[in-house]
Amino acid sequence: MLRNRIRAKSLSLATALVVLLILATVLAGCGHRKSIVLATTTSTQDSGLLDVLLPAFTAKTGITVKPIAVGTGEALAMAKRGDADVVLVHARAQEDAFIAAGDGVDRRDVMYNDFVLVGPADGTLPKGSDAVAAFKEIAARQYPFVTRADKSGTYTKEMAIWAQAGIEPKGSWYVQTGQGMGDSLRVAFEKGAYILADRGSYLSLKDKYPLAIFVEKGPELRNQYGVIAVNPKVHKGVNYWGAEQFINWITSPDGQKVIGEYGVDKFGQPLFTPNAAGK
Amino acid sequence: MAVAEAYVLEDIVQVRGGEPVLTLERLTVAAGRITAVLGPSGAGKTTLMRLLAVLEPPAQGRLVCLGEDPWAATGSLTRGGGPVDEGRRVALRRRLALVSQRPLLLSGTVAANVAYGLRLRGLPRTETDARVAWAFASCGLTALARRAARSLSGGEQQRVALARALALLPEVLLLDEPTANLDPANVAAIERAVAAAVAERGLTVVIVTHNINQARRLADDCVFLAGGRLIESGGAQDFFNRPRTPEAQAFLSGAMIY
Amino acid sequence: MTDFGAGLAAAWRLISSFDREFYGIVGLSLAVSLTAVLLATLIGLPVGAALGLREFRGRAFLTRVAYTLAGLPPVVAGLVIYLLLSRSGPFGALGLLFTPWAMIIAQFTLTLPIIISLTAGALRTTAGAVRETAISLGATPAQADLTCLREAVPSLLAAVMTAYGRAAAEVGAVMMVGGNIRGETRVMTTAIVLETRQGHFDIALGLGLVLLALSFIVNSLLHRLQAGQGAGVY
């Protein structure tokens, strides 16, 4: 009967797919001890650093890294559920809360890059290094300003600067995208608005979105990265050993060297400054 | 088992949407004869056919088909009963064949459609093929065997439906206006096929028709319905030449009656 | 317009380069979506058939539930499956999170109600007349059901095509439960999101074009199956 013919075809197709899938999974290499899940941010991934850093780590230790690049908030939320073994983010306040809640241990500084305040090439904001003053000027003149308004490290830093300026940004000039750095830069470019971005993302996307730098190298603009292991006492089943290997390596001279050299060939300058000295 | 009466209906009332659409005190259909069911539109003819085809139970009354009461529940409280009773009904339906006014053909070739009922009964392949071939021949369909059934013209589809019914070698053949929308050539072909089947196999035929001339040509007995009631029934000759009721007289003279 | 030209050029480059990573992504996309739809069909067809052909209490309610779930936003499905498969979730011990199987489960969740509701709908409409014809020709209730199913095959295949289209095009679910991990859980849609976010519009467009072409091919194959049913092969 016809129905049997369809059934037969479906069954053989299903078998083929299942075989394919098993092969794919096996080939992907899922040894448990030998892999860690790294929760990190989209800007870290978009900077391209992971494409260089992670293979180097794997080459040294044989541990594969599965990077999940989401917003800072989501990365920490995932880690709080034990779905990641180690996190690499750049939002000190949230990191401290994460550790205080008992979810994270063994935090180390890794590296820093900086934020820049960029805007339309024909913008009239005075240039300089004082971010707080610039923010005050933008709010006073209601220049269009794009914010990520997610729980990212970039947003956290932006909020800190607004707080320092004593301003609560509100109004139609303050555009909240709720999206990642790349998408937000795109919106800023299309709208001719100002935006706070990490230098790495800005440089990578400069050709696509030619925004100009208005404020840089001020004290408030440092973007510190921290690496934290997920607490094995609270979350059974995390690969704590693998996480420790990762933390040890990227704070070691070898790892720090890889970080410090990244970006030179692409942008003429390193994107990150390694500073794994203290906690 | 051979019965003198193919059907006996007593005190039948059938309803649609709460309203009675057919009421009969007593009606018998003789076996081995052609009975024409006549009447104006809305008289309840199709409702009667559906009862004869054991498709639905009457709201009230008793129907005996080929000596059996299909709706008598055995040991069950609900009318119609359970799966054992359904099994009896299926067995009874397999001794009948219904050709509807606008028959539904299944997707597939003409051959597949004609063979459908036989496949349901699990007949062996050789037997099926033989009967299908005979049904084709009776209805002049041999050339169309491989065609997609739904691509045929109205008249051809009607012949396929008839062949599908004939192939079942039923004891009762129920035809609901089988030639209503057909041209004279097709009408003649179908009438020939029906007459041949009756002659060859002595089956009972109940045919609903609007066409008085067709009834005159084919019928041994007549049943006349109007307004959901049985007005007259009896031998065809008597009905056509000496109708007893005013409604029947009006109908036969061509006047519109409601 | 030059952007689209760049997209076309990128698409051609990707296809003709035989780049292992690209073909891996394509292969995984097909494997995940096809498997999910296959499983959804194996389970959804009988369930939909029951809803379409049978009468029982709560049938109308269940059908409505199926139609509602068919409109479930992919990102919500992804979130729900994530919470279930998370290590602190009930099924965390299975270790399925961030693997292709999690993605298959998520897409299965999305496509199952589609198949159920479309199957039920198709059968409910056609079943009446077909069923009665079958019964009048002496079919048992089971035989009548089978006949209804056979007659509905073109509609059923349409349901499968719709389900596949949904699975192939969605990104919210596979992103959440898969993690878009390079070489492991990166499929075409999540790759497009990544490339777009990084500003590589030409590659993103190119991938999009390849995705559309693939869907076209899959649908064409299913359509050929469907056309075969119209004339009927018994």
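Since the structure is predicted, the reported quantities are computational estimates derived from the model, not experimental observations.
Remark: side-chain polar atoms of B/Arg94 are paired, donor with acceptor, to backbone N or O of C/Gly138 under 3.5 angstrom. A donor-acceptor pair is defined here as one N or O able to donate and one able to accept, closer than 3.5 Å; such a pair exists between the side chain of C/Glu151 and the backbone of B/Ser107.
In this structure, no portion of B/Arg147 lies under 4.5 Å from any heavy atom of chain C. Contacts between B/Leu104 and chain C at a heavy-atom distance below 4.5 Å involve backbone atoms as well as side-chain atoms.
Looking at B/Glu56 and C/Glu132, their side chains never come closer than 4.5 Å, going by heavy atoms from C-beta outward. The closest side-chain heavy-atom distance from C/Ser136 to B/Arg93 is not below 4.5 Å.
With a 6.0 Å radius and a threshold of 12 heavy atoms from other residues, nucleotides or ligands, B/Arg102 has its CZ atom at or below the threshold. Enclosure of atom CZ in C/Phe56 by more than 12 non-hydrogen atoms of other residues, nucleotides or ligands within 6.0 angstrom is indicated. Remark: C/Tyr67 OH is packed, more than 12 non-hydrogen atoms of other residues, nucleotides or ligands lying under 6.0 Å away.
Counting heavy-atom pairs under 4.5 Å between each of B/Leu98, B/Leu174, B/Leu55 and chain C puts B/Leu55 at the top.
Taking CD1 of C/Ile135 as the start and CZ of B/Arg89 as the end, the distance is 10.0 Å to the nearest 0.5 Å.
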Would C/Thr133 and B/Arg164 count as a side-chain contact (heavy atoms from CB on, under 4.5 Å) if you check the C-alpha gap in whole Å, the side-chain angles of each, and the deciding distance to 0.1 Å? CA-CA 11 Å; C/Thr133 304; B/Arg164 179 169 71 180; 3.7 Å; yes
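When all heavy atoms of B/Leu120 and C/Leu137 are compared, the pair lying nearest together is CD1-O, 3.9 Å.
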